[in-house]
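Predicted model only: the values in this text are computed from it and were never measured. Below, chain A is the first sequence line, B the second, and so on; all start at residue 1.
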2 protein chains.
Amino acid sequence: MHKLNGKSGCAVEVTLSVMGGTWKPIILFHLLRGRMRFSDLGRAIPSVTQRMLTLQLRELEEAAIITRTVYPEVPPRVEYELTPLGHSLEPILVSMRDWGLNYTGAAPVAEPCPLA
Amino acid sequence: MHKLNGKSGCAVEVTLSVMGGTWKPIILFHLLRGRMRFSDLGRAIPSVTQRMLTLQLRELEEAAIITRTVYPEVPPRVEYELTPLGHSLEPILVSMRDWGLNYTGAAPVAEPCPLA
DNA sequence: GCATATACTTACAAAAATGTAAGTCATGGG
DNA sequence: CCCATGACTTACATTTTTGTAAGTATATGC
């Protein structure tokens with residue numbers, strides 16, 4: 001045997017299944033400040049590609065963490081916004097930001113990112 | 001162009017670079033309760049393989065999030081423990097657990113995992 | 001009537017993560 | 001002598017994730 005036992009799945013794993021991965025926490029963190037359109041998110045997260053952004057947004061939408069609103073204009077406009085469930089992730093996202101700020105030296109001051 | 005712009009790296013990304021991924025948050029969460037040996041962690045996280053557990057523990061050690069102590073016995077015994085830096089991740093891990101508990105219905109009651 | 005803008009989608013390719021299974025090491029016990 | 005134990009390591013295969021680049025749609029302005 002190489003797995004060490006049978007099954008479980010603790011609460012942390014549940015959370016990770018919803019907001020885990022490379023992009024989701026970052027996307028959600030930016031959305032804490034309010035609705036954003038696709039291109040805004042892309043600009044806020046320079047390292048993400050269109051494809052990844054689309055894929056991750058779709059998954060978050062399926063999980064009911066965000067909503068997607070299409071405005072039937074030309075050129076199209078699509079806005080993404082946290083649902084209440086999505087907003088309930090705020091404590092996690094904020095503590096992640098705080099830890100990162102501390103780790104990089106700074107006191108939890110203002111905006112390298114949304115939210116001072 | 002397919003990336004949407006140039007560069008950044010916000011505080012959340014920094015945190016993810018240290019404790020992101022499928023296994024690290026779970027490992028760290030279990031270690032919140034105190035030192036554990038390799039086989040204990042394996043039992044606590046049934047879905048992880050020996051190989052993944054070793055790899056992730058090594059990375060956490062390199063990041064100075066945990067310490068690794070080898071007791072020169074036969075058969076060998078190795079214990080892992082959070083450093084102070086590792087302990088500083090507690091707020092993140094605890095809020096992740098809380099969210100998972102809520103999401104799965106329960107009120108934040110007792111131990112599906114370490115920490116009630 | 002042609003380019004422009006936005007928010008994608010699609011096909012293909014490369015890279016990264018993870019799994020599987022076997023082997024290693026040292027010693028005490030039978 | 002042989003086996004068991006605990007914590008690995010190694011080689012290889014598979015799966016999953018991510019990237020690249022091109023294509024789509026449609027109304028508007030030039």
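Pairing each heavy atom of B:Leu93 with each of A:Val12, the nearest pair is O-CG2, 4.2 Å.
In this structure, B:Tyr103 and A:Leu85 have side chains that are in contact, with non-hydrogen atoms separated by less than 4.5 Å. Between A:Phe38 and A:Leu57, the closest side-chain pair of non-hydrogen atoms falls below 4.5 Å. With contacts defined as side-chain heavy-atom distances shorter than 4.5 Å, the pair A:Met19/A:Ile65 does not qualify.
Residues from residues 56-73 of chain A that place a heavy atom under 4.0 Å from any atom of DNA chain C, listed by number: A:Arg58, A:Arg68.
Computed from coordinates, the B:Leu53 CG to D:dT9 P distance equals 11 Å when rounded to whole Å. One atom, CZ of A:Arg51, and another, P of D:dG23, lie 18 Å apart when rounded to the nearest Å. Straight-line distance from the CH2 atom of B:Trp23 to the P atom of C:dA17: 14 Å, rounded to whole Å. Atom C1' of nucleotide C:dT6 and atom CG of A:Leu41 are separated by 14 Å, given to the nearest angstrom. Nucleotide C:dT6 holds its P atom 15 Å from the OH atom of A:Tyr80, rounded to whole Å. What separates CD1 of B:Ile45 from P of C:dG19 is a distance of 12 Å, to the nearest Å. Remark: P of C:dT10 and CD of A:Gln50 are 14 Å apart, rounded to the nearest angstrom. Distance CZ (A:Arg37) to P (C:dA7): 4 Å, rounded to an integer number of Å.
With hydrogens and angles ignored, the 3.5 Å screen pairs a side-chain donor or acceptor of B:Glu13 with a backbone N or O of B:Cys10. The closest donor-acceptor contact from the side chain of A:Thr83 to the backbone of A:Ala64 lies under 3.5 Å. Formation of a donor-acceptor pair under 3.5 Å by the B:Thr15 side chain with backbone atoms of A:Trp99 is not found in this model.
Tested against B:Ile45, the residues B:His30, B:Gln56, B:Met52 include a single side-chain contact (heavy atoms from CB on, under 4.5 Å) partner, B:His30.
In this structure, A:Thr54 does not reach the C:dA7 phosphate: none of its side-chain N or O atoms is under 4.0 Å from OP1 or OP2. Under 4.0 angstrom from either OP1 or OP2 of D:dT20 there lies no side-chain N or O belonging to A:Thr49.
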At a cut-off of 3.5 Å, list every protein nitrogen or oxygen paired with a nitrogen or oxygen from nucleotides 25-30 of chain C, distance to 0.1 Å.
none

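Positionally, the nearest nucleotide of DNA chain D for B:Arg77 lies more toward the 5' end than for the other of A:Thr22 and B:Arg77.
Scanning for side-chain contact (heavy atoms from CB on, under 4.5 Å) contacts around A:Val74 gives an empty result, with sequence neighbours left out. In this structure, the side-chain contact (heavy atoms from CB on, under 4.5 Å) partners of A:Ser95, at least two apart in sequence or on a different chain, are B:Pro91, B:Ile92, B:Ser95. Partners of B:Glu79 under the side-chain contact (heavy atoms from CB on, under 4.5 Å) rule, at least two apart in sequence or in another chain, are B:Arg35, B:Arg37, B:Tyr71, B:Arg77.
An angle of 20°, rounded to 10°, separates the two end axes of the helix from C:dG1-D:dC30 to C:dG30-D:dC1, each defined over five pairs.
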